[in-house]
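Naming: A, B, ... by sequence-line order, numbering from 1 per chain.
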There are 2 protein chains.
Amino acid sequence: MAGNVGTPGATVAGRVMAILDAFDDQHPRLPLSELARRAGLPLPTAHRLAGELVRHGALARARGDYAIGRRLWEIGLLAPVPSTLREAASPFLNDIHAATRATVHLAVRDGEQVLYLERLAGRASVPVVSTVGSTLPLHATGVGKVLLAHAPADIRRRVLAALTRVTPYTVTQPGRLRAQLAQIRLTGYATTVEEMSLGACSVAVPVRREDQVVAAIGVVVPTLRRDRARLTAALQVAAQGIARHLGA
Amino acid sequence: MAGNVGTPGATVAGRVMAILDAFDDQHPRLPLSELARRAGLPLPTAHRLAGELVRHGALARARGDYAIGRRLWEIGLLAPVPSTLREAASPFLNDIHAATRATVHLAVRDGEQVLYLERLAGRASVPVVSTVGSTLPLHATGVGKVLLAHAPADIRRRVLAALTRVTPYTVTQPGRLRAQLAQIRLTGYATTVEEMSLGACSVAVPVRREDQVVAAIGVVVPTLRRDRARLTAALQVAAQGIARHLGA
DNA sequence: CCGATTCTTCCACTCAGTGGAAGAATCGGG
DNA sequence: CCCGATTCTTCCACTGAGTGGAAGAATCGG
């Protein structure tokens with residue numbers, strides 16, 4: 001189409017996605033120059049495509065800065081996997097949250113990472129780094145360990161071959177983590193102790209559906225010393241409730 | 001670019017948005033023919049563009065059906081207005097939910113409709129039709145009345161000129177609603193009694209920031225007879241907490 | 001006020017994109 | 001199992017939607 005394409009073979013759809021990909025948690029708002037730079041597009045191209053996305057509501061522009069628009073927020077909510085799981089889980093996560101006042105998570109495995117679908121923030125000052133839509137390592141989080149324990153063997157093999165340290169307490173010896181995963185499959189719950197953040201411990205359990213682990217739920221607390229059994233029991237009841245809702 | 005464009009002047013970005021717009025709550029999954037039909041595109045065009053969106057993760061395809069992909073879910077979460085409000089409000093909405101076990105809403109005005117940003121589902125069997133991301137009429141919902149009471153005069157004028165009946169109890173006389181809106185500005189809260197759904201009543205209050213009403217929060221209950229004052233007080237405390245969080 | 005930076009518009013040129021047609025694949029009823 | 005109906009995939013001649021450097025307008029901040 002164009003007489004002077006800087007990147008032959010690039011498509012308009014690809015450029016549109018490059019624009020949308022320019023935004024992230026650290027950059028929710030971008031001026032035009034920065035948007036073009038991050039999208040890898042010449043200024044006039046970014047200007048024209050962003051303008052069209054604004055007209056469709058996919059982007060919004062206020063005081064010179066572009067941001068993701070309401071229309072994309074609405075479209076994103078239509079993604080079936082996050083919305084089905086969140087809808088089924090929400091009442092149970094609220095119950096756990098009401099009972100514990102702790103941060104509560106709903107997560108799924110995404111390749112070799114854990115993806116957070118829902119997070120109810122705790123009031124206690126426990127450091128929690130997860131945000132909805134973000135991913136964290138499988139081996140260093142409670143929900144992640146549950147999902148890893150029930151992952152296909154090739155996924156476990158790859159994760160166990162590349163264990164990175166997050167805190168001094170992160171388990172990075174493959175043998176030790178493998179033993180933990182076997183234990184998780186046996187007992188039905190996972191724990192972490194300051195492995196993802198200092199000062200934060202967690203318990204998590206699987207949500208099963210037809211012999212598959214489709215998600216994990218967990219809580220993050222300052223210490224597991226007193227409440228581990230109680231938290232585990234509450235999470236297991238909630239997980240069963242979620243599974244029933246999913247079966248409907 | 002193309003030799004035989006069916007819709008001269010149409011852009012690729014526009015076609016991409018037409019594909020994304022083809023999905024809605026009733027149609028979260030679509031086979032290719034249906035996607036093309038709903039997007040108003042010829043089959044090969046829809047096939048090619050959808051395939052490219054799948055490669056970018058914006059769409060997903062499973063067993064022949066397309067759906068909104070995880071990448072768009074993540075991008076949608078970056079929309080600042082919904083995420084800022086939801087993040088600020090979440091602890092307070094959780095508190096209200098824990099205390100009342102009722103459906104709790106966070107909403108903003110979107111033109112002449114109320115847009116639901118967050119909904120914590122109640123356990124009581126009270127009929128609630130809102131879903132996150134959806135819009136409902138301003139005049140028939142608690143949060144809607146609050147937002148309408150504090151809307152610009154031209155918005156109020158337009159809404160009051162077109163009041164549709166949702167249940168037999170919906171207020172459709174402009175004079176009567178105008179009086180209610182004045183009362184809401186005076187007392188600081190709105191109520192509905194079976195105006196949106198039979199069997200559902202609601203209370204709602206504004207969330208203010210710098211003399212502006214930026215959102216409304218509310219609860220939906222089976223009856224207001226006993227708890228109206230208590231619910232209103234709890235909502236007002238929560239609204240003030242949210243406003244403080246927004247100011248940070 | 002002025003230099004720096006960002007944003008907007010222009011437009012010659014062309015190749016990314018077009019969709020009808022045809023055939024492959026799938027589905028479901030008999 | 002067969003066959004008609006329907007959906008999906010691929011092809012490709014043709015062209016106009018899209019391109020980005022350049023230039024000028026607008027904005028910003030010292």
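Taking the side chain as every heavy atom from C-beta outward, A:Leu78 and B:His27 never approach each other to under 4.5 Å. Taking 4.5 Å as the limit, some side-chain heavy atom of A:Leu59 sits within range of a side-chain heavy atom of A:Ile19. Side-chain contact between A:Leu20 and B:His56: absent, with no pair of heavy atoms (C-beta onward) separated by less than 4.5 Å. Side chains of B:Val207 and B:Phe92 form no contact here, defined as non-hydrogen atoms less than 4.5 Å apart. Side chains of A:Gln26 and A:Asp24 form a contact here, defined as non-hydrogen atoms less than 4.5 Å apart.
Taken together, the paired segments of DNA chain D that extend over three or more consecutive Watson-Crick or G-U pairs, each closer than 3.5 Å at both contacts, are C:1-30 with D:1-30.
Spacing between atom CG of A:Asn4 and atom C1' of C:dA16 amounts to 14 Å, rounded to whole angstrom units.
The backbone N or O of B:Ala200 sits nowhere less than 3.5 Å from a side-chain atom of B:Ser197 that would complete a donor-acceptor pair.
Nearest-nucleotide positions on DNA chain C for B:Val5 and A:Val5 put A:Val5 closer to the 5' end.
Test B:Leu72, B:Leu117, B:Val81 against A:Trp73 for side chain to side chain contact (heavy atoms under 4.5 Å, CB included) and you get one pass: B:Leu117.
Looking at residues two or more places apart in sequence or on another chain, you find a side chain to side chain donor-acceptor pair (under 3.5 Å) between A:Thr11 and B:Glu52.
Nearest nucleotide to the side chain of B:Val12, out of D:dG20, D:dG18, C:dA16: D:dG18.
In this structure, B:Thr11 reaches the sugar-phosphate backbone alone: every heavy-atom distance under 4.0 Å involves primed, P, OP1 or OP2 atoms, never a base. Among the heavy atoms of the strands lying under 4.0 Å from A:Arg15 are primed sugar atoms or P, OP1, OP2 only; no base atom is included.
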How does protein reach along nucleotides 5-10 of chain D, written 5' to 3' as B (base within reach of a heavy atom under 4.0 Å), S (only sugar-phosphate), or - (no contact)? --SSBB
